[in-house]
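First comes the structure, then the notes that go with it.
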Amino acid sequence: MPEVRRLPVHLRLRAMSAFRVPGEDHRAQVAEVMRVSLNLRPSFLEHQAPALPLDRFVCAFDGDRVIATAAERGYRQWFGGRELPMSGVWGVATLPEHRGSGLATGAVTRILREARARGVPVSALYPATLRPYRGLGYELAGTLARHEVRLDDLPRGGGGPLEVREYDASDLEGVRACYRRAMAGRTGPIDSDDPSWWPVRIMGRRTPDEPHRAVVALGPDGRVEGYALFVTEPIEGDLDGSFALMCRQLVATTVEAYAALLAFLRGFRGLGQAVRFPGPPAEPLAMLVEEQRVRPFWSFRWMLRLLDVPAALRGRGYLPLSGETILAVEDGLFPENRGPWRLAAEDGAVRVEPAEGARVRPVGVGTLAAMFSGYLSPFDAARLGLLEADAPAVPFLARLFAGPPPFMLDFF
Ligand SMILES: CC(C)(COP(=O)(O)OP(=O)(O)OC[C@H]1O[C@@H](n2cnc3c(N)ncnc32)[C@H](O)[C@@H]1OP(=O)(O)O)[C@@H](O)C(=O)NCCC(=O)NCCS
């Protein structure tokens, strides 16, 4: 049994002199470190490696040899209905023979420092292992949940009045607008203007032979009211060739669009067995299906790091409530975050100001991130000893950060 973790985590910083942005002549080495460490298929070298955005990487070098990588993509992430710039960290990999000497920590630290200097208030990532990221001030803050429903259990009957047709590139702006309408007001979903995000990562084929389809459901005015992007995946069934429809996204803004898309997907019954799709843990589509047939299929937690605590607190959206508290923060990487801060809410407008001389027990910056997203209830944080149990901040922060469970649809 591992020891129970006593927070706050003390951040350990190491020398960073051998970290730099790789050049084109290091592309093959960057790709190879990722392939080996992340267990990527050899096709990665052929199809994805040529498009790796090297200018967004920080690598550790041993002489001229790349031995560790980390990368970043710029996103916006909704918190309480408002978007904050977010640095999405990915591609963190250290060659096995160089692990445990602080290389991943050093590369990600540099990414975080630069993001903060550019005014980005938060960073998020999907951790394969938590420890390196907890050490950097990240904490669990939301879920990527995938659900499954058998095609036979999808509602019978026609798709209703909406046309479902194959997606083409001219639909991209309509699809993005549909996504934004569906996600606005939530906590956790992301969007990006990076040229590789929507056209390639979301809508595109990742390898030339990927069995990829994309369809849109169009409203009477021709507006995209829903869409589905999916690949077929082999699945256990009576016959070889049985498959599931694995949706990268399945999004609808109206019940008519849901009906149309579900009827379209139901049409794959036969060798098609099930549809799998990402959504909030409390998936609304379950309201449209008889019985408890929308089941959890897979889930994975993402982590959040508050890079600029006052900017993040000022920037997110809140319910229209009023009150105030003093907050001090333990942050070994960015001492500017420590405060103490006076947090004052008036009808949901939040002011954050230095509270010189106030003395309160500091909360770990990771714990604050977990509460900030609404993932960790401040009452639970108090039960875990991460917040002072009888501090007046507990009920106030619980009201301030309350909301449906934070989620994302997209892995990065
Ligand atoms: C995860 C990974 C990038 C860490 O690289 P690294 O250079 O060894 O990391 P660091 O030396 O900076 O380690 C930082 C801390 O995390 C711990 N750590 C590193 N890898 C760990 C692992 N797999 N499991 C648990 N703890 C780990 C280290 O012991 C260290 O803890 P400490 O500060 O208490 O001493 C590396 O193990 C790797 O490439 N793994 C395979 C790919 C992967 O999982 N990538 C992450 C994708 S999100």
Side-chain angles (χ1 to χ4, degrees), residues 1-20 22 26 29-42 44-45 48-49 52-53 56-63 65-73 75 77 86-115 122-144 188 190 201 298-305 330-334 364-367 369-370 408 410-412:
M1 283 283 285
E3 246 182 82
V4 170
R5 193 167 51 90
R6 298 281 172 211
L7 281 183
V9 169
H10 293 275
L11 308 177
R12 240 183 41 200
L13 302 181
R14 296 161 164 115
M16 293 172 44
S17 52
F19 297 97
R20 60 178 192 269
H26 290 105
Q29 287 191 39
V30 170
E32 186 58 14
V33 171
M34 291 176 72
R35 189 193 67 76
V36 169
S37 306
L38 300 165
N39 191 27
L40 301 173
R41 275 176 270 175
F44 165 80
L45 294 179
Q48 277 109 341
L52 287 174
R56 308 307 296 271
F57 273 73
V58 170
C59 293
F61 284 80
D62 180 6
R65 201 168 146 243
V66 177
I67 53 176
T69 65
E72 177 218 52
R73 188 184 280 112
Y75 294 94
Q77 187 169 22
M86 181 270 272
S87 164
V89 170
W90 60 283
V92 183
T94 300
L95 285 176
E97 60 273 30
H98 292 280
R99 290 184 187 166
S101 55
L103 297 179
T105 302
V108 176
T109 297
R110 177 155 157 184
I111 285 177
L112 298 185
R113 283 191 193 286
E114 289 176 2
V122 298
S123 169
L125 55 74
Y126 284 93
T129 175
L130 302 193
R131 192 176 177 93
Y133 305 115
R134 279 196 168 133
L136 283 163
Y138 286 87
E139 195 42 270
L140 298 174
T143 309
L144 168 55
I190 54 174
R201 287 282 305 170
W298 180 81
S299 82
F300 198 79
R301 298 182 190 95
W302 43 269
M303 301 180 93
L304 186 71
R305 211 290 179 200
E330 175 163 322
D331 189 338
L333 190 55
F334 298 121
V365 71
T367 301
M408 274 197 237
D410 309 299
F411 199 87
F412 61 81

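Numbering of ligands and ligand atoms starts at 1, following listing order. In this text, all values refer to a predicted model and were calculated from it rather than measured experimentally. The analysis underlying the following values was restricted to heavy atoms, covering all of them including side chains, and did not include hydrogens, waters or symmetry mates.
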So, regarding [X] and ligand 1 (criterion: nitrogen or oxygen to nitrogen or oxygen, under 3.5 Å), is there a contact or not?
X      : answer
Ala104 : yes
Gly100 : yes
Gly102 : yes
Tyr126 : no
Ser37  : no
Val92  : yes

Find out whether [X] and [Y] are in side-chain contact, i.e. whether some heavy atom of one side chain is under 4.5 Å from a heavy atom of the other.
X      : Y      : result
Leu304 : Gln77  : yes
Glu72  : Leu112 : no
Phe334 : Val365 : no
Arg305 : Asp331 : yes

Q) Taking heavy atoms and a distance under 4.0 Å, where does Ser101 meet ligand 1: side chain, backbone, both or neither? A)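 For Ser101, the contact with ligand 1 is made by the backbone alone.
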Q: Measure Trp90 to ligand 1 on non-hydrogen atoms and call it side chain, backbone, both or neither using the 4.0 Å cut-off.
A: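 It is neither; nothing of Trp90 touches ligand 1.
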Contacting atoms of ligand 1, where contact means under 4.0 angstrom from a heavy atom of [X]:
X      : result
Leu103 : 7 (O), 11 (O), 12 (O)
Leu38  : 42 (C), 43 (C), 45 (N)
Ala128 : 44 (O), 46 (C), 47 (C), 48 (S)

Q: Have a look at Arg131, Met34, His98 and point out the one with the heavy atom closest to atom 17 (C) of ligand 1.
A: Arg131
Q.
Given the ring of Phe61, does Arg20 sit roughly above its face, with NZ or CZ under 6.0 Å from the centre of the six-membered ring and within 45° of the axis?
A. yes
Q. How long is the gap from CZ on Arg73 to CZ on Arg201, to the nearest 0.5 Å?
A.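 Those atoms lie 5.5 Å apart.
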Q | Set of side-chain hydrogen bond (donor to acceptor under 3.5 Å, both in side chains) partners for Arg41, sequence neighbours left out | A | none
Q | Presence of salt bridge, Arg65 and Glu97, under 4.0 angstrom | A | yes
Q: Taking atom CZ of Arg301 as the centre, report whether more than 12 heavy atoms of other residues, nucleotides or ligands fall under 6.0 Å from it.
A: no
Q: Could you tell me whether ligand 1 has any atom less than 4.0 Å away from a heavy atom of Ala93?
A: yes
